[in-house]
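Worksheet for the structure shown next.
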Amino acid sequence: MRLAELEVYNQIIIQCHDNPDPDTIAAGYALYKYFESKGKEVRLVYSGNLLITKPNIVMFIEALRIPIEYIEELKVEGLLITVDCQYGAGNVRHLEAEHVAIIDHHVQEVPAIKLQEIRNYLASSATVVWDMLCEAGYDVNEHPDVSMALYYGLFTDSSSFIEISHPLDKDMRDSLKYDKQLLRRLRNAVLTLRELEIAGMALIRHSYNDAHKYVMVKAQECDPNILGLISDFALQVDSVNVCIVYNEANEGIKFSVRSCVKEVMANELAAYLAGDLGNGGGHVERAAGFISKSKFNELYGHLNYDEYFLRKLTAYYQSFEVVDAGKMQIDLSKLRHYKKIPIPIGFVKLSEVLPEGEPIIIRSLESDIERIVKASDILIIDREGSISLMNEERFGTNYKVLEEPFDVKIEYFPRIRKQNTGKVLYLESYTKKCIMKGDNTIYARPLEKAVKVFTVYSPDKYKYGHVGDYLAISETDTNDVYIIEQEIFKKTYTEI
């Protein structure tokens, strides 16, 4: 859905979810300013049983003069847009409306409607709106109040940027201008005395698993940042390696994950705990997630939340093996011999588009690479959008350049951000096509149990292999052990 599709309506009501948080207010306010600039008659509203009283949210609204109104009921003439929530869901009061649009970043909870933009892979609805505004040609940074609002929306909904993993969230974070003094004031106005009490009571009622050294804590309903605060505190205990803190909100279960051991990456555990019920992600040490209450009740209604998390954690620790390449020998007799099928991929010679010595961040769907540009740098982009770097000599030895454009469709085509200026370089037009020379042979087998592989090139961070993915070993270097995803393996390798 594009914002232009909504501009046919002259009267527009933007509705935040009940008991609004900064993300729903920020996303709603950005839409309000956009439609106002188009000459529309627009209102920003919320409803429910509670008025906004949290000190940081009150300060946020007052500092940016956000014209949000509390209503008990309203018959909508024109278009109703529910933002950071879905029309008909339990966390937003039903307003009678003939024409409805949904903009959200949660798992879909209601039947699809024609006008909707739901991206549950993003950390905030602010990001969804920002991307739609950019697509519509609206320069957010020319409107400092809108820019600050969107920045704070993502900041709060991602636990101070801890949970962001998708490159669009990172792009918004890096591109927006914001008021540092206001952000500092807002950060220091989050915790109320009541929430201090919630944190203390939650820590008293923890449960601890001695075998795997994890602690699980249930808290009363509170701001998601409080879950992170409790997690950080609990992880400082000498016998705790992993911490999970959760609470129940109107729309579902929010949880925080912390880890201080390399065998458990917090973002991967968060995604596992959420499963198909919601979403989870973040960083290696700090992550968070959300579980839809309706989906939970549908599949696990016979369990309480404590039982669910304990069962998931038990299953998690039983689900994988650890392979530490370089420290163990793998029996090659249990693996088969494969050859890589030559498939064209993309490449960019960085020094042709950037000056040598330029500090950059190369961003892809999977990861970021921070780099000082060298004359010999070649950026490789595969057909899935994954990136890697190699020097020009190795590239010339292993790849043949093709005189064709690299015109594949990728969800997020890699791009470069200049660290000194923040300017973004879109790589589609600079990417050329190449193909590997000769034979690339490996030993491999499909995984019957999940594996965490610590490679010789990344001994402190594992690559997670799911059941059905392939454990692969280079024929020329048996210490070079890695994971190839199932679908990629089937497309790119053939048995010898």
Side-chain angles (χ1 to χ4, degrees), residues 159 162-163 198-222 224-249 252-293 295-296 299-324 447-454 460-467:
S159 297
I162 289 168
E163 301 163 31
I198 287 172
M201 293 298 294
L203 287 165
I204 291 172
R205 298 169 180 170
H206 70 272
S207 59
Y208 177 70
N209 182 284
D210 186 59
H212 300 296
K213 298 188 182 303
Y214 68 76
V215 65
M216 191 175 74
V217 178
K218 179 180 181 180
Q220 297 178 44
E221 185 172 355
C222 59
N225 288 302
I226 307 306
L227 300 182
L229 182 150
I230 298 169
S231 300
D232 290 336
F233 187 82
L235 200 64
Q236 296 181 54
V237 177
D238 60 353
S239 58
V240 174
N241 291 339
V242 174
C243 179
I244 300 94
V245 181
Y246 78 92
N247 71 357
E248 181 182 354
I253 304 98
K254 295 183 178 181
F255 61 91
S256 172
V257 179
R258 298 290 187 266
S259 173
C260 63
V261 289
K262 73 174 189 175
E263 291 80 12
V264 178
M265 291 196 295
N267 54 344
E268 178 256 319
L269 176 56
Y272 184 93
L273 292 173
D276 295 329
L277 304 179
N279 52 66
H283 296 295
V284 172
E285 297 180 1
R286 308 172 78 192
F290 170 81
I291 292 173
S292 164
K293 183 178 289 187
K295 289 184 177 292
F296 180 91
L299 296 174
Y300 297 97
H302 58 291
L303 298 178
N304 62 43
Y305 299 132
D306 273 350
E307 291 172 320
Y308 171 80
F309 279 110
L310 287 171
R311 289 190 185 191
K312 290 290 285 187
L313 286 165
T314 299
Y316 173 77
Y317 280 101
Q318 294 175 347
S319 69
F320 63 84
E321 299 173 348
V322 174
V323 173
D324 202 338
L447 295 175
E448 297 177 355
K449 186 175 184 178
V451 169
K452 298 180 178 184
V453 176
F454 293 92
D460 297 318
K461 185 177 179 181
Y462 59 80
K463 170 69 175 179
Y464 192 91
H466 299 84
V467 174

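What you are looking at is a predicted structure, and each value in this text was computed from that prediction instead of being measured.
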Kindly determine whether Tyr308 and Leu277 satisfy side-chain contact (heavy atoms from CB on, under 4.5 Å), including the steps that lead there.
CA-CA 12 Å; Tyr308 171 80; Leu277 304 179; 3.5 Å; yes

Looking at every non-hydrogen atom in both residues, tell me the closest pair between Ala266 and Arg286 and how far apart they are.
CB-N, 3.7 Å

Please tell me if the side chains of Lys452 and Met265 come closer than 4.5 Å, counting only heavy atoms from C-beta onward.
no

Can you check whether Lys218 reaches Tyr246 side chain to side chain, under 4.5 Å on heavy atoms?
yes

Tyr317 vs Phe320 aromatic rings, parallel, tilted or perpendicular, using cut-offs 30° and 60°?
tilted

To the nearest 0.5 angstrom, please state how far the CG atom of Leu235 sits from the SG atom of Cys243.
6.5 Å

Please report the closest heavy-atom contact between Ser319 and Tyr464, naming both atoms and the distance.
OG-OH, 4.1 Å

Quick one: do Tyr462 and Val451 satisfy side-chain contact (heavy atoms from CB on, under 4.5 Å)? Show the steps, please.
CA-CA 9 Å; Tyr462 59 80; Val451 169; over 6 Å; no

With distance as the sole test, does Lys312 use its side chain to make a donor-acceptor pair with the main-chain N or O of Tyr272 at under 3.5 Å?
yes

Give a yes or no on whether Lys295 atom NZ has more than 12 heavy-atom contacts from other residues, nucleotides or ligands under 6.0 Å away.
no

Distance from Asn241 atom CG to His212 atom NE2, nearest 0.5 Å?
11.5 Å

Using the ring of each side chain (for Trp, its six-membered ring), is His302 parallel, tilted or perpendicular to Tyr300, with breaks at 30° and 60°?
parallel

Nearest-0.5 Å distance, CD1 of residue Ile291 to CD of residue Glu248:
11.5 Å

Value rounded to 0.5 Å, distance of OG1 in Thr314 from OH in Tyr214:
4.5 Å

For Leu227 and Val217, run side-chain contact (heavy atoms from CB on, under 4.5 Å): C-alpha distance rounded to whole Å, both residues' side-chain angles, the deciding distance at 0.1 Å, then the answer.
CA-CA 9 Å; Leu227 300 182; Val217 178; over 6 Å; no

Flag yes if more than 12 heavy atoms outside Phe233 fall under 6.0 Å of its CZ atom; otherwise flag no.
no

Which heavy atom of Val467 sits nearest to which heavy atom of Ala450, and what is that distance?
CG2-N, 3.9 Å

Taking the side chain as C-beta and beyond, is there a heavy-atom pair between Asp324 and Lys262 under 4.5 Å?
yes

Would you mind reporting whether Val245 and Leu229 have side-chain heavy atoms less than 4.5 Å apart?
no

Tell me, do Met216 and Asp306 make a side-chain contact under 4.5 Å, heavy atoms counted?
yes

Verify side-chain contact (heavy atoms from CB on, under 4.5 Å) between Phe454 and Lys463, making sure each step is shown before the conclusion.
CA-CA 7 Å; Phe454 293 92; Lys463 170 69 175 179; over 6 Å; no

With heavy-atom distances below 4.5 Å as the criterion, would you say the side chains of Ile244 and Leu273 are in contact?
yes

Find out whether Phe309 and Ile253 are in side-chain contact, i.e. whether some heavy atom of one side chain is under 4.5 Å from a heavy atom of the other.
yes

Ser231 side chain to Arg258 main-chain N or O, any donor-acceptor pair under 3.5 Å?
no

Minimal heavy-atom distance between Ala287 and Ala270, with the atoms involved, is CB-CB, 4.0 Å

For Asn247 and Tyr305, which I'm curious about, is there any donor-acceptor pair between the side chains at under 3.5 Å?
no

As an exercise, state the distance from CD of Gln220 to CD1 of Ile226, rounded to the nearest 0.5 Å.
12.5 Å

